[in-house]
Amino acid sequence: MGTDTGFEIVHAVLSAEPISVEQAIAAVESDTAGAVVSFSGVVRNHDGGKQVSRLSYSAHPTARQVMADVVAGLVAEHSVPAGDAAPGGSPEDAAGGAGATQDGRQPVRIWAAHRIGMLEIGDPALVCAVSAVHRGQAFAVCAELVDRIKAQVPIWKEQFFADGTVEWVGAGE
């Protein structure tokens, strides 16, 4: 979904199917991007001193819309008014080129997905990738994207421990 804001939301979903950082990077790469920053949050084998054997993510019925709104909100806050250079950018960046927006700005491309359902140790649970002309903007947008998804999208984690106990994380927060 392209916009005239200088950002392109390539993908922002919850997925019952496996996701990968390679998939995310491939989706945001472009000839105009000088940086591609990615994040892959994977299921680890421990939490709070206990061995985790697997986990399951459950999403509130509004979670898909909240995910879309979180990404759209981030784009709105980071968008550069037409004619301005991107943060950390230069006047040459606004000159255009392949993949540029109508006013010549190079788009920042965003891909984000959070898994729902049963996951095993090592499976990616949250994957994000951002491409931009410069690394500073790509790092900043990717880090904020991850933080906002984790803080705002109503997803709960059910951890299954090796000792047979189960714990819900995120419920009631």
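It should be emphasised that the depicted structure is a prediction, and the values quoted were computed from it without experimental measurement. Scope of the values below: all heavy atoms of this structure, side chains included, with no hydrogens, waters or symmetry mates. Start at 1 with the first residue, then count along the sequence.
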Is the CD atom of Gln152 crowded by more than 12 outside heavy atoms at less than 6.0 Å? yes
Indicate whether the side chain of His11 and that of Gln23 have a donor and an acceptor atom separated by less than 3.5 Å. no
State yes or no: do Leu119 and Val42 share one hydrophobic cluster built from I, L, V, M, F, W and Y residues joined by side-chain heavy-atom distances below 4.5 Å, directly or via other members? no
Can you find a heavy atom in the side chain of Leu126 that is under 4.5 Å from one in the side chain of Arg115? no
Could you give the distance from CD1 (Ile19) to OG (Ser40), rounded to the nearest 0.5 Å? 7.0 Å
Can you get from Ile9 to Leu145 by hopping between Ile, Leu, Val, Met, Phe, Trp and Tyr side chains that sit under 4.5 Å apart? yes
For Asp47 and Gln159, test the side chains for any donor-to-acceptor distance below 3.5 angstrom and give the result as yes or no. yes
Would you give the length of the straight line joining atom CG of Leu74 to atom SG of Cys142, rounded to the nearest 0.5 angstrom? 10.0 Å
Does the Trp156 side chain pair with the main chain of Ser58, one donor and one acceptor, at a distance under 3.5 Å? no
Backbone N/O of Gly34 and side chain of Arg135: donor-acceptor pair under 3.5 Å: no
Output yes when Glu158 and Arg54 qualify as a salt bridge under the 4.0 Å nitrogen-oxygen rule, no when they do not. no
Please determine which of Val130, Val36, Thr32, Val28 meets the side-chain contact (heavy atoms from CB on, under 4.5 Å) test together with Arg109. Val28
Side chain to side chain donor-acceptor pair (under 3.5 Å) between Gln137 and His78: does it pass, once the steps are laid out? CA-CA 9 Å; Gln137 185 178 29; His78 283 267; 5.7 Å; no
Side chain proximity check, His114 to Lys150, heavy atoms < 4.5 angstrom: no
So which atom in Cys128 and which in Ala112 form the shortest heavy-atom distance, rounded to 0.1 Å? SG-CB, 3.9 Å
First locate atom CD1 of Ile155, then atom OH of Tyr57, and finally report the distance between them rounded to the nearest 0.5 Å. 8.0 Å
Sub-4.5 Å side-chain heavy-atom contact between Pro154 and Thr62: yes
Linking I/L/V/M/F/W/Y whenever their side-chain heavy atoms sit closer than 4.5 Å, directly or via other members, would Val37 and Val10 fall into one cluster? no
Got more than 12 heavy atoms from elsewhere within 6.0 Å of NZ, Lys50? yes
Any side-chain heavy-atom pair of Val108 and Ser131 under 4.5 Å: no
Sub-4.5 Å side-chain heavy-atom contact between Phe7 and Ser79: yes
Set out, in order, the CA-CA distance, both residues' side-chain angles and the distance that settles side chain to side chain contact (heavy atoms under 4.5 Å, CB included) for Glu144 and Glu77, then state yes or no. CA-CA 11 Å; Glu144 191 169 344; Glu77 290 176 26; 4.1 Å; yes
Nearest heavy-atom contact between Ile110 and Val141 is CD1-CG1, 4.1 Å
Where is the tightest heavy-atom contact between Ser38 and Ile25, given as atom of each residue plus distance? OG-CD1, 3.8 Å
Is a side-chain donor or acceptor of His134 paired with a backbone partner of Gly136 at a separation under 3.5 angstrom? no
CG on Leu14 to CD on Gln65, rounded to 0.5 Å: 11.0 Å
With a 4.5 Å cut-off on side-chain heavy-atom distances among I, L, V, M, F, W and Y, is there a chain of contacts connecting Val13 to Val71? no
Hey, is the main chain of Phe161 close enough, under 3.5 Å, to the side chain of Thr165 for a donor-acceptor pair? no
Atom CD in Glu17, atom CD1 in Ile116: separation rounded to 0.5 Å? 10.0 Å
Check whether any side-chain heavy atom of Val52 sits under 4.5 Å from a side-chain heavy atom of Phe160, and report yes or no. no
To the nearest 0.5 Å, what is the distance between CG on Asp123 and OG on Ser20? 11.5 Å
